[in-house]
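Atom set for the values below is all heavy atoms of this structure, side chains included, hydrogens, waters and symmetry mates excluded.
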Amino acid sequence: MKVLKRIALSLDSIFEWISLTALTLMTFIVILQVVTRKLFNFVFFWSEEVTLLLMVWFSFMGIAIGFREKLHIATDSFTKLFGARFNKVWDKVITVVVFGFGLYLIVNGMQFTIDQYETTLPATGLTNSIYYIVMPITGIMICAYSLLSLIGIETTRHQGLGEEFGE
């Protein structure tokens, strides 16, 4: 179990690094775009397209990280009426549903990626698939987090996120 957790955390670190890099690059490109437009009346032809691509990638990776940190919407006011045993079972049901969502992203994301392979983006000439390939990647990460959670391996890396409002 410890080896599995170490492998998962290593892959997760790479995943989080890619997500943060996408956010950083997106921010830098937008700042560059604003500065060059205002000061030089010039915009890089690729800046809007690349910014949108990075935003899509950052957003989808953020979804997976949100599931990892268990930041999905939860209404505890209703489930607190039941006992701890019910809530343990309910948490497993939620994890299975999240796993199903991950499978949905894998299947449909692959289909979108394949469907868009022949079309290209106008400014960069990249295949449109580059927007959609992040969907199955996110789905794989969500499924991995769900499976690890189901077998009792805690994947949460940042403690205390999202719980301070409910108590």
Task: Inter- and intrachain pairs under ring pair (Phe, Tyr, Trp, His ring centres under 6.0 Å), touching residues 114-134, at least two apart - done: Phe112-Tyr132
Open item on the list: Please report the interatomic distance CD(Glu48) to CG(Leu53), rounded to the nearest 0.5 Å.
Closed with: 12.5 Å
TODO: Following the transitive rule for hydrophobic clusters with a side-chain heavy-atom cut-off under 4.5 Å over Ile, Leu, Val, Met, Phe, Trp and Tyr, establish whether Leu148 and Phe99 coincide in one cluster.
DONE: no
TODO: Would you check if Leu126 and Thr120 make a side-chain contact, meaning some heavy-atom pair closer than 4.5 Å?
DONE: no
Open item on the list: Same cluster or not: Val50 versus Leu52, using hydrophobic residues (I, L, V, M, F, W, Y) connected whenever any side-chain heavy atoms lie under 4.5 Å apart?
Closed with: yes
Open item on the list: I need the minimum non-hydrogen distance between Asn87 and Phe82, along with the two atoms involved.
Closed with: ND2-O, 3.6 Å
TODO: Indicate the ring-plane relationship of Phe101 and Phe67, choosing parallel, tilted or perpendicular according to the 30° and 60° boundaries.
DONE: tilted
Task: Leu150: hydrophobic cluster co-members (side-chain, 4.5 Å) - done: Val96
Open item on the list: Does Phe86, at its CZ atom, have more than 12 non-hydrogen atoms belonging to other residues, nucleotides or ligands within less than 6.0 Å?
Closed with: yes
Open item on the list: I need the full list of side chain to side chain donor-acceptor pair (under 3.5 Å) pairs touching residues 89-102, with sequence neighbours left out, sorted by first then second residue.
Closed with: none
TODO: Could you give me the CA-CA distance, side-chain angles and deciding distance for Ile130 and Leu121, then say whether side-chain contact (heavy atoms from CB on, under 4.5 Å) is met?
DONE: CA-CA 9 Å; Ile130 200 156; Leu121 300 172; 4.2 Å; yes
Task: Residues in side chain to side chain donor-acceptor pair (under 3.5 Å) contact with Thr124, at least two apart in sequence or another chain - done: Glu49
- [ ] For Thr119, check side chain to side chain contact (heavy atoms under 4.5 Å, CB included) against everything at least two apart and list the hits.
- [x] Gln116, Asn128
Task: Inter- and intrachain pairs under ring pair (Phe, Tyr, Trp, His ring centres under 6.0 Å), touching residues 45-65, at least two apart - done: Phe44-Trp46
Task: Joint cluster assignment, Ile94 & Leu103, ILVMFWY side-chain distance < 4.5 Å - done: no
Open item on the list: Please find the pair of heavy atoms, one from Thr138 and one from Met61, that lie closest to each other, and give the distance.
Closed with: OG1-N, 4.0 Å
Task: Close side-chain approach of Ile63 and Met141, heavy atoms under 4.5 Å - done: no
Open item on the list: Listing request: all side chain to side chain donor-acceptor pair (under 3.5 Å) pairs with a residue in residues 105-115, at least two apart in sequence or in separate chains.
Closed with: Gln111-Asp115
- [ ] Measure the spacing between CE of Met26 and CG of Leu23 and express it to the nearest 0.5 Å.
- [x] 5.0 Å
- [ ] Verify the cluster assignment for Leu105 and Met55: are they in a single hydrophobic cluster under the rule of side-chain heavy atoms below 4.5 Å apart?
- [x] yes
- [ ] Find the distance between CD1 (Ile137) and CD1 (Ile18) and round it off to the nearest 0.5 Å.
- [x] 7.5 Å
- [ ] Measure across Tyr145 and Ala64 and return the closest heavy-atom pair with its distance rounded to 0.1 Å.
- [x] CE1-O, 3.3 Å
Open item on the list: Under the criterion side-chain contact (heavy atoms from CB on, under 4.5 Å), I'd like the reasoning laid out for Ser146 against Ile142: C-alpha separation, chi angles, the key distance, then a yes or no.
Closed with: CA-CA 6 Å; Ser146 299; Ile142 289 172; 4.2 Å; yes
- [ ] Kindly state each residue pair satisfying side chain to side chain donor-acceptor pair (under 3.5 Å) with at least one member in residues 17-42, sequence neighbours excluded.
- [x] Gln33-Ser47
- [ ] Starting from Val3, walk the hydrophobic network (Ile, Leu, Val, Met, Phe, Trp, Tyr; side-chain heavy atoms closer than 4.5 Å) and list everyone else you reach, by chain and number.
- [x] Ile7, Leu11
- [ ] Please check if Val56 and Ile133 belong to a single hydrophobic cluster, counting links between Ile, Leu, Val, Met, Phe, Trp and Tyr side chain heavy atoms closer than 4.5 Å.
- [x] yes
TODO: Please name all residues satisfying side chain to side chain contact (heavy atoms under 4.5 Å, CB included) with Val35, sequence neighbours left out, ordered by chain then number.
DONE: Ile31, Leu39
